[in-house]
**Student:** 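Quick one: the structure is below, questions incoming.
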Amino acid sequence: MFENKHVLIAGGTSGINLGIAKGFAAAGAKVSVFSRKQDKVDAAVAALSELGPQAHGGIADVREPEQVKATIAAAAAAQGPIDVLVSGAAGNFLAPAVTMSPNAFGSVVGIDLNGTFHVLRFAFEHLTKPGASIINISAPQAWVPMVAQAHVCAAKAGIDMLTKTLAMEWGPAGVRVNSLVPGPIEGTEGMDRLLVDKSRKAALAKTVPLGRLGQVEDCADVAMFLASDAARYVSGVVLPVDGGWSLGGATIAMGHMMGG
Ligand code: HXC
Ligand code: NAP
């Protein structure tokens, strides 16, 4: 379905983003990923090379504009114009605002929000125009306030506004921009950091209307939908992939996640 398409995934070396990368690779895409750690990049490229036609890896900290610019340019030189761009690098930890240092707040906003801007800003010149699809990875925290998550709530809300403003700015160039919002996804770093008391996993699942935690494949399938021709008239949307969790259960779940 994505044969001869180049899919570039910022922060695509683990968890949900790697699951999305694997989905595209298995569907025939040339996939490029980058993140900070060489060992994670090498492992991801090896796994993606087994699934798809060709994979490419790079190193960059999304907080560093020049690194992002160079790494994206190298990916485009190696694999061609970018048909699908996924921006998913993120950081998270539980920290009440009253004890959170300015650098802690700035680190998460710097990775999630500034990083997303850097990735989109420096990928634009390499996008297939018209036709490219951009998917920003957001979180329910963008509109569901959660205690000890002030940094993530602020950053992800900002990402969703970037999605909407750039959908307006870049629509005339034939570029679609959407947010994909994972819910609580099992077996990921994000869940591990927020679910303090692991014995509460089953109780957490009950706060999801569909009655289960998500899987990375749930996100990969929707990412492929958003990137496909089936979504050709979809731009500027914030699409939850959360089993209905953000309708109310996410707020209830904070007790489980905080161990309270
Ligand atoms: C309070 C903390 C902290 C914690 C770090 N800091 N961890 N403060 N509680 N648990 C503070 C540090 O003290 C420091 O501030 C500042 O944050 C930066 O920390 P560094 O370790 O120097 O930063 P860095 O090496 O750049 O690492 C960034 C990071 C790290 C975000 C802190 O955790 C990381 O690299 N995370 C990437 C992986 C990740 O988080 N994945 C989960 C994504 S899930 P001071 O003032 O001391 O200098 C997600 C949403 C999940 O995003 C939603 C689920 C529903
Ligand atoms: P993860 O495995 O920790 O993935 C984060 C990725 O970003 C890794 O590849 C990491 O690789 C990279 N990264 C982190 N900081 C970076 C930086 N400064 N520069 C470049 N790359 C960086 O986390 P996950 O739980 O799967 O989350 C993936 C995405 O889904 C995130 O956007 C997250 O906010 C979102 N999300 C997750 C959940 C969930 O249930 N897990 C729920 C809602 C939203 P390196 O360490 O090598 O840099």
Side-chain angles (χ1 to χ4, degrees), residues 9-21 33-45 57-65 67-68 71-72 86-116 118-119 135-142 144 146 148-156 159-160 179-196 201 204-205 207-208 213-216 218-220 223 238-243 245-246 249-251 253-254 256-258:
I9 305 187
T13 59
S14 62
I16 294 168
N17 304 327
L18 179 58
I20 291 171
V33 293
F34 72 85
S35 71
R36 294 166 300 177
K37 298 174 189 142
Q38 189 72 57
D39 58 335
K40 287 180 70 172
V41 172
D42 291 345
V45 168
I59 295 287
D61 186 322
V62 292
R63 290 168 287 193
E64 301 296 335
Q67 290 181 23
V68 172
T71 298
I72 290 177
V86 180
S87 177
N92 197 4
F93 45 81
L94 287 166
V98 73
T99 55
M100 191 186 296
S101 74
N103 191 37
F105 186 85
S107 293
V108 169
V109 172
I111 298 169
D112 293 26
L113 179 56
N114 298 9
T116 296
H118 297 153
V119 169
I135 300 168
N136 293 325
I137 307 300
S138 183
Q141 286 94 323
V144 180
M146 295 187 189
Q149 290 280 274
H151 46 359
V152 175
C153 291
K156 295 293 193 180
I159 287 175
D160 288 347
S179 282
L180 186 161
V181 187
I185 307 299
E186 197 166 17
T188 62
E189 183 70 26
M191 275 303 303
D192 193 51
R193 288 177 181 227
L194 295 195
L195 187 62
V196 176
K201 194 166 143 183
L204 173 64
T207 66
V208 180
L213 299 176
Q215 305 296 316
V216 294
D218 296 325
C219 298
V238 175
L239 180 55
V241 185
D242 69 351
W245 193 56
S246 58
T251 303
M254 279 316 292
H256 300 297
M257 300 190 106
M258 297 289 292

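Bear in mind the structure is a predicted one, so any value in this text is a computation, not a measurement. Atoms within each ligand, like the ligands themselves, are counted from 1 in listed order. Below, each value reflects all heavy atoms present in this structure, side chains not excepted, and no hydrogens, waters or symmetry copies.
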**Student:** Pull out every atom of ligand 2 sitting under 4.0 Å from any heavy atom of M191, numbered as shown with elements.
**Tutor:** 40 (O), 41 (N)
**Student:** Quick one: look up the protein heavy atom nearest atom 7 (N) of ligand 1 and list residue, atom name and how far away it is.
**Tutor:** F93 CD2, 3.6 Å
**Student:** Just heavy atoms, cut-off under 4.0 Å: does A10 contact ligand 2 by side chain, backbone, both, or neither?
**Tutor:** neither
**Student:** Starting from atom 22 (O) of ligand 1, what is the nearest protein heavy atom, named by residue and atom, and what distance separates them?
**Tutor:** N103 ND2, 5.0 Å
**Student:** For D61, take its heavy atoms, then give the atoms of ligand 2 lying under 4.0 Å from any of them.
**Tutor:** 17 (C), 18 (N), 19 (N)
**Student:** Before giving the answer on side-chain contact (heavy atoms from CB on, under 4.5 Å), spell out for K37 and T13 the whole-Å C-alpha distance, their side-chain angles and the decisive distance to 0.1 Å.
**Tutor:** CA-CA 9 Å; K37 298 174 189 142; T13 59; over 6 Å; no
**Student:** Specify the protein heavy atom at minimum distance from atom 6 (C) of ligand 2: its residue, its atom name, and the distance to 0.1 Å.
**Tutor:** G11 O, 3.4 Å
**Student:** With a cut-off of 4.0 Å, which atoms of ligand 2 are near a heavy atom of G88?
**Tutor:** 29 (C), 31 (C), 32 (O)
**Student:** At a 4.0 Å threshold, what atoms of ligand 2 neighbour a non-hydrogen atom of K156?
**Tutor:** 32 (O), 33 (C), 34 (O)
**Student:** List the residues meeting side-chain hydrogen bond (donor to acceptor under 3.5 Å, both in side chains) with S246, not counting sequence neighbours, and say none if there are none.
**Tutor:** D242
**Student:** So which of G214, S14, G15 gets nearest to atom 1 (P) of ligand 2, if we judge by its closest heavy atom?
**Tutor:** S14
**Student:** Starting from atom 28 (C) of ligand 1, which protein heavy atom do you reach first, and at what distance in Å?
**Tutor:** I111 CD1, 3.9 Å
**Student:** Can you report which non-hydrogen protein atom sits closest to atom 23 (O) of ligand 2, along with the distance?
**Tutor:** E189 CB, 4.0 Å
**Student:** Below 4.0 Å from ligand 1: does a non-hydrogen atom of M191 turn up there or not?
**Tutor:** no
**Student:** Among all protein heavy atoms, pick out the one at the shortest distance from atom 37 (C) of ligand 1; state its residue, atom name and that distance to 0.1 Å.
**Tutor:** A90 O, 3.5 Å
**Student:** Which residue owns the protein heavy atom closest to atom 23 (O) of ligand 1, what's the atom, and how far is it?
**Tutor:** S107 OG, 4.4 Å
**Student:** Test of understanding: given a 4.0 Å heavy-atom threshold, classify the contact between K40 and ligand 2 as side chain, backbone, both, or neither.
**Tutor:** side chain
**Student:** Tell me which protein heavy atom sits closest to atom 11 (C) of ligand 1, plus the residue, atom name and distance to 0.1 Å.
**Tutor:** A104 CB, 3.6 Å
**Student:** For Q141, which part has a heavy atom under 4.0 Å from ligand 1: side chain, backbone, both, or neither?
**Tutor:** side chain
**Student:** If you scan the protein for heavy atoms around atom 2 (C) of ligand 1, do you find one that is closer than 4.0 Å?
**Tutor:** yes
**Student:** How far is atom 51 (C) of ligand 1 from the closest protein heavy atom, and which atom is that?
**Tutor:** N92 ND2, 3.7 Å
**Student:** Of the side chain and backbone of T99, name the one, both, or neither that has a heavy atom under 4.0 Å from an atom of ligand 1.
**Tutor:** neither
**Student:** Out of curiosity, M191 CE to K201 NZ, how far, rounded to the nearest 0.5 Å?
**Tutor:** 8.0 Å
**Student:** For atom 25 (O) of ligand 1, is some protein heavy-atom partner under 4.0 Å away?
**Tutor:** no
**Student:** Rounded to the nearest 0.5 Å, how far apart are CG of L194 and CD of E189?
**Tutor:** 10.0 Å
**Student:** Please, which pairs that meet ring pair (Phe, Tyr, Trp, His ring centres under 6.0 Å) have at least one residue in residues 86-109, sequence neighbours excluded?
**Tutor:** F93-H151
**Student:** Give the numbers and elements of all ligand 2 atoms closer than 4.0 Å to a heavy atom of A90.
**Tutor:** 7 (O), 14 (C), 15 (N), 31 (C), 32 (O), 33 (C), 34 (O)
**Student:** Does atom 46 (O) of ligand 1 have a protein non-hydrogen atom under 4.0 Å from it?
**Tutor:** yes
**Student:** What protein heavy atom is closest to atom 28 (C) of ligand 2, reported as residue, atom name and distance in Å?
**Tutor:** N17 ND2, 3.7 Å
**Student:** Are any of the N/O atoms on W245, whether in the backbone or the side chain, positioned under 3.5 angstrom from an N/O atom of ligand 1?
**Tutor:** no
**Student:** What protein heavy atom lies closest to atom 41 (N) of ligand 2? Include the residue and the distance to one decimal.
**Tutor:** T188 OG1, 2.7 Å
**Student:** Tell me, which protein residue and heavy-atom name are nearest atom 44 (S) of ligand 1, and how many Å apart are they?
**Tutor:** G190 CA, 3.4 Å
**Student:** Answer with yes or no whether V152 contacts ligand 1, where contact means a heavy atom under 4.0 Å from a ligand atom.
**Tutor:** no
**Student:** If you take the nearest heavy atom of each of P182, G190, S35, A43, which one is closest to atom 45 (P) of ligand 2?
**Tutor:** S35
**Student:** Can you sort out which atoms of ligand 2 are near R63, meaning under 4.0 Å from one of its heavy atoms?
**Tutor:** 18 (N)
**Student:** Would atom 33 (O) of ligand 1 count as contacted, meaning some protein heavy atom under 4.0 Å?
**Tutor:** yes
**Student:** Quick one: look at H151 and ligand 1, take heavy-atom pairs under 4.0 Å, and tell me if it's side chain, backbone, both or neither.
**Tutor:** neither
**Student:** Taking heavy atoms and a distance under 4.0 Å, where does I111 meet ligand 2: side chain, backbone, both or neither?
**Tutor:** side chain
**Student:** Look at atom 48 (O) of ligand 2 and say which protein heavy atom is nearest, naming residue and atom and giving the distance to 0.1 Å.
**Tutor:** R36 NE, 2.8 Å
**Student:** Which bit of R63 gets closer than 4.0 Å to ligand 1, counting heavy atoms only: side chain, backbone, both or neither?
**Tutor:** side chain
